[in-house]
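Since the structure comes first, as structure tokens, the remarks are kept for the end.
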Amino acid sequence: MKTVIVTDCPRADPAEIKRLAGFGVATVHEALGRVGLVGAGIRPIQHDVRAAGNAVTVLSRPGDNLMIHAAVEQCRAGDFLVVATTSPSSDGMFGELFATALQRRGVRGLVITAGVRDTSELRRLQFPVWSAAINAQGTVKATAGSVNVPIVVGGAVVRPGDVVLADDDGVLVVPRERVGDALAASEAREAKEALTRVAFRDGQLGLDRYGLRSVLADQGVDYVAWEDQQGH
């Protein structure tokens, strides 16, 4: 594996990232055509937190956090550290000290396919983390990997400078060149959902609002009274 640290990667517009952070992961995911989720295996260690930022990517050896140390130097305010390993690992590769260093640089949070530890301290620091495991198992700092190269997290490709949006529902990756599309589509979806919310509060059924009665009919679904079903 070639090892490299790429510097000065392009980043998305901070103002657009801030606007995108106003939408939830589910809204943006649906608005973009249901793409970009990293998968249900990456979960938050905290509740009621939403964060968004530019991806600084790390490809590490399993059980080795050397390249996370290297990545800290490449992080800027508004970034989101995203770490994957070259083979599956649940070791606790990240903890309080890393979070302290990243907060000093204005990093918004961490996504990692391996484990984290010091979770109580991470929550106390209010440093958001989405991980595949919580594990006190320690790691080494011995073998080089890469920083700011494309990586795969839960089936989603994450490139340096892509926008990571994360909340209680999971983690979404928005390609840097599609942030504008994501904003427009999310705003439209939110406006549509606002109208639907009002309609549901007024008593309209989803069967009628979404035109689902014809779907049921086309699939041969019959409405049968309870008393007519007895004895069958």
Side-chain angles (χ1 to χ4, degrees), residues 12-32 34-58 68 75-84 90 92-136 153-156 158 162-174 179 182-183 185-198 200-201:
D13 183 341
E16 290 192 334
I17 294 175
K18 184 177 180 179
R19 287 174 58 202
L20 195 65
F23 301 101
V25 165
T27 294
V28 182
H29 170 60
E30 293 281 358
L32 282 176
R34 296 185 296 279
V35 298
L37 284 178
V38 305
I42 308 295
R43 301 301 304 151
I45 68 165
Q46 65 284 313
H47 297 290
D48 300 324
V49 173
R50 183 182 298 159
N54 291 291
V56 170
T57 63
V58 181
I68 299 180
C75 288
R76 303 177 187 172
D79 285 344
F80 213 117
L81 190 64
V82 185
V83 181
S90 62
M93 297 176 62
F94 185 98
E96 176 193 7
L97 296 180
F98 270 136
T100 300
L102 290 174
Q103 275 192 327
R104 175 65 177 80
R105 303 180 79 86
V107 172
R108 300 285 174 79
L110 168 78
V111 172
I112 184 169
T113 64
V116 297
R117 57 185 187 176
D118 303 333
T119 53
S120 178
E121 289 81 1
L122 292 174
R123 287 189 289 269
R124 177 179 55 80
L125 287 170
Q126 297 184 325
F127 186 82
V129 170
W130 287 258
S131 70
I134 295 173
N135 192 351
V153 179
V158 186
D162 284 347
V163 174
V164 175
L165 174 63
D167 60 20
D168 284 356
D169 290 336
V171 179
L172 180 72
V173 181
V174 180
V179 172
L183 284 169
S186 296
E187 288 169 352
R189 182 176 179 83
E190 193 169 75
K192 181 180 179 180
E193 288 185 343
L195 294 175
T196 300
R197 190 175 297 110
V198 171
F200 284 175
R201 286 173 179 167

Distance from [X] atom [atom1] to [Y] atom [atom2], nearest 0.5 Å?
X	Y	atom1	atom2	answer
F98	L122	CZ	CG	11.5 Å
L37	I42	CG	CD1	11.5 Å
F23	L183	CZ	CG	6.5 Å

Return the set of residues passing side-chain hydrogen bond (donor to acceptor under 3.5 Å, both in side chains) with R43 (not counting sequence neighbours), or none when no residue passes.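 None.
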
Report the residues that fulfil side-chain hydrogen bond (donor to acceptor under 3.5 Å, both in side chains) with R108, sequence neighbours left out, ordered by chain and then residue number.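 R108: no side-chain hydrogen bond (donor to acceptor under 3.5 Å, both in side chains) contacts found.
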
Going by side chain to side chain contact (heavy atoms under 4.5 Å, CB included), L81 matches just one of V164, V111, I68. Which one?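 With L81 as partner, V164, V111, I68 yield a single side chain to side chain contact (heavy atoms under 4.5 Å, CB included), made by I68.
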
Which residue is it: Q103, R104, E96? I am looking for the one with a side chain to side chain contact (heavy atoms under 4.5 Å, CB included) to T100. E96

Which heavy atom in [X] sits nearest to a heavy atom in [Y], and how many Å separate them?
X	Y	answer
D79	V56	OD2-CG2, 3.4 Å
V82	A55	CG2-CB, 4.1 Å
F127	V107	CE1-O, 3.7 Å
V171	A166	CG2-CB, 3.9 Å

Quick one: which of D169, D167, D168 gives a salt bridge (charged side-chain N to carboxylate O under 4.0 Å, His left out) with R50?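 Between R50 and the candidates, salt bridge (charged side-chain N to carboxylate O under 4.0 Å, His left out) is satisfied uniquely by D167.
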
Name the orientation class of the two ring planes belonging to W130 and F80 (parallel below 30°, tilted from 30 to 60°, perpendicular beyond 60°). tilted

Could you walk me through whether V173 and V38 pass the side-chain contact (heavy atoms from CB on, under 4.5 Å) test, one step at a time? CA-CA 7 Å; V173 181; V38 305; 3.9 Å; yes

